[in-house]
Amino acid sequence: MKLWGGRFEKTTNVMVDDFNSSIRFDKRLYKQDITGSIAHVTMLGKQGIIPMDDADVIKSGLKELLIDIDNNKVAFDIEAEDIHMNIEKLLIEKIGIVGKKLHTGRSRNDQVTLDMRMYLKEEIIEIKAMVIDLMNTLLTIAKNNLDTIMPGYTHLQKAQPITFAHHIMAYFEMLKRDVGRLNDTYKRTNHLPLGAGALATTTYPLDRDYVAKLLDFGDICINSIDAVSDRDYCIELLNTLSMLMMHLSRFSEEVILWCSNEFQFIELDDSYSTGSSIMPQKKNPDIAELVRGKTGRVFGSHLGLLTTMKSLPLAYNKDMQEDKEATFDAIDTVKMCLPIFNDMLKTLKVNKQNMYNGAGGGFTNATDAADYLVKKNVPFRDAHEIIGKLVLYCVTNNKNLEELSLEEYKNVSPYFEDDIYNAISLETCVNKRNVIGGPSKEMMNKVISINENYLNSLS
Ligand code: ARG
């Protein structure tokens with residue numbers, strides 16, 4: 001017999017039971033469901049909505065049930081549809097008819113969104129801690145590579161010399177914004193929907209503020225229709241996780257490029273690489289590729305739930321049961337990617353010499369050569385033109401700018417002197433970019449200390 005079976009004359013078709021039920025995936029909410037129910041029933045007792053003694057019996061029954069489930073002693077039942085009705089049914093089996101009072105003044109509609117919000121709050125905190133671990137790793141890598149000169153790219157063509165520290169700290173900034181988005185999502189998830197009932201609250205004198213306090217919610221939802229219709233917090237988290245994965249996918253792509261034979265800027269540790277079943281020489285960056293690939297899954301969940309929610313009339317609709325698998329899968333994926341990505345970075349070897357050599361070719365110091373003339377009062381546009389000609393000359397003669405003789409320099413402009421060679425050395429190119437945000441060692445040290453303070457302020 002179904003908990004809602006009163007008005008039905010026939011039993012449901014087995015296919016319907018299977019199709020309709022969510023216990024397969026919402027069983028992971030059992031802790032939140034029981035904790036929420038304990039708070040609800042405590043409030044019912046305090047308000048005299050049910051006798052205090054009954055409330056106490058229900059509470060201890062729920063606590064025992066939690067231990068039973070923790071110890072794997074309970075089998076859930078598809079016929080009881082979802083985690084909410086499974087727990088109510090198990091409670092009634094355990095403590096008898098008094099268990100039937102638990103659902104007073106409550107609906108599964110406010111219950112399910114309560115459970116999800118409680119679950120997401122915990123997950124957001126865990127994910128944030130993983131992101132912060134990764135940020136600490138980046139900071140360490142940056143500190144060890146303040147002098148590691150490498151080419152910076154635009155259009156994946158060599159552009160200007162930077163340092164590995166500078167490049168790595170670009171990802172730190174992305175993760176900082178991800179942490180900001182996680183905090184933001186947390187704030188809006190932290191509203192208590194319980195008390196909204198099916199959609200229009202109840203006739204019982206509920207004390208919602210009391211429940212909010214018991215369950216550590218910062219606020220309560222103050223429109224009951226919105227409270228049961230809202231899945232923005234799931235979508236917002238999926239958006240936040242999509243952005244985070246997008247960042248990891250860009251990072252992964254660079255890791256993959258950097259350890260290719262063509263670049264050889266880094267080498268992954270053997271324990272974070274894989275081989276080929278046919279080609280004996282291969283050492284593949286599978287971890288980075290999988291993180292890049294799994295990004296698509298998280299985007300899929302995000303777009304999937306947005307589409308599910310699109311055009312849904314108020315208030316609750318069963319469509320919304322689809323929020324769970326999408327959200328759970330994205331959370332699981334991100335939680336799998338972050339620690340392994342972090343460990344992969346912690347163990348990678350930086351080939352400083354290869355990076356330095358890479359920074360040298362490709363005229364990455366051409367801007368600095370133009371700036372040299374500007375400092376001798378040549379207008380920038382003219383200087384650009386002069387150096388452009390010089391680069392063309394170099395390309396034709398298969399030389400680098402630093403290999404030209406002073407005579408060759410003077411042929412294109414009389415302003416060139418002996419100090420041009422120092423002005424276009426890679427070290428000068430990097431350390432003269434002493435503007436906040438730039439690659440010079442002085443500025444990188446400053447930015448690293450700003451970010452150390454930022455990380456300390458989080459803990
Ligand atoms: N399993 C449902 C869900 O995940 C719980 C809410 C069901 N409410 C209802 N009136 N059918 O959305």
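This structure is a prediction, so every number in the text was calculated from the model and none was measured. In each ligand, atom 1 is the first atom listed, and ligand 1 is the first ligand listed.
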Quiz item: Looking at I83, D115, D332, which one forms a side chain to side chain contact (heavy atoms under 4.5 Å, CB included) with R28?
Solution: D332
Quiz item: Is the closest heavy atom of Q111 to ligand 1 under 4.0 Å?
Solution: no
Should we count [atom1] of [X] as having more than 12 external heavy atoms under 6.0 Å?
| X | atom1 | value |
| --- | --- | --- |
| K158 | NZ | yes |
| I97 | CD1 | no |
| K283 | NZ | yes |

Considering both backbone and side-chain atoms of [X], is one of its nitrogen or oxygen atoms within less than 3.5 Å of a nitrogen or oxygen in ligand 1?
| X | value |
| --- | --- |
| D82 | yes |
| Y316 | yes |
| N109 | yes |
| R231 | no |

Quiz item: Looking at atom 1 (N) of ligand 1, what's its closest protein heavy atom, distance included?
Solution: Q321 OE1, 2.8 Å
Exercise. Identify the protein heavy atom lying closest to atom 11 (N) of ligand 1, giving its residue, its atom name and the separation to 0.1 Å.
Key: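 Result: R108 NH2, 3.5 Å.
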Quiz item: For ligand 1, which atoms sit closer than 4.0 Å to a heavy atom of K324?
Solution: 3 (C), 4 (O), 12 (O)
Quiz item: Looking at S22, which atoms of ligand 1 are within less than 4.0 Å of one of its heavy atoms?
Solution: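 So the answer, numbered in order with elements, is 1 (N).
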Quiz item: With a 3.5 Å cut-off and no angle check, do the side chains of Q111 and H40 form a donor-acceptor pair?
Solution: no
Exercise. Answer whether the closest heavy-atom distance between the side chains of L90 and K94 falls below 4.5 Å.
Key: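 A side-chain contact is absent here, since even the closest heavy-atom pair is not under 4.5 Å.
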Exercise. Kindly say whether the aromatic ring centers of F164 and F265 come within a distance under 6.0 Å.
Key: no
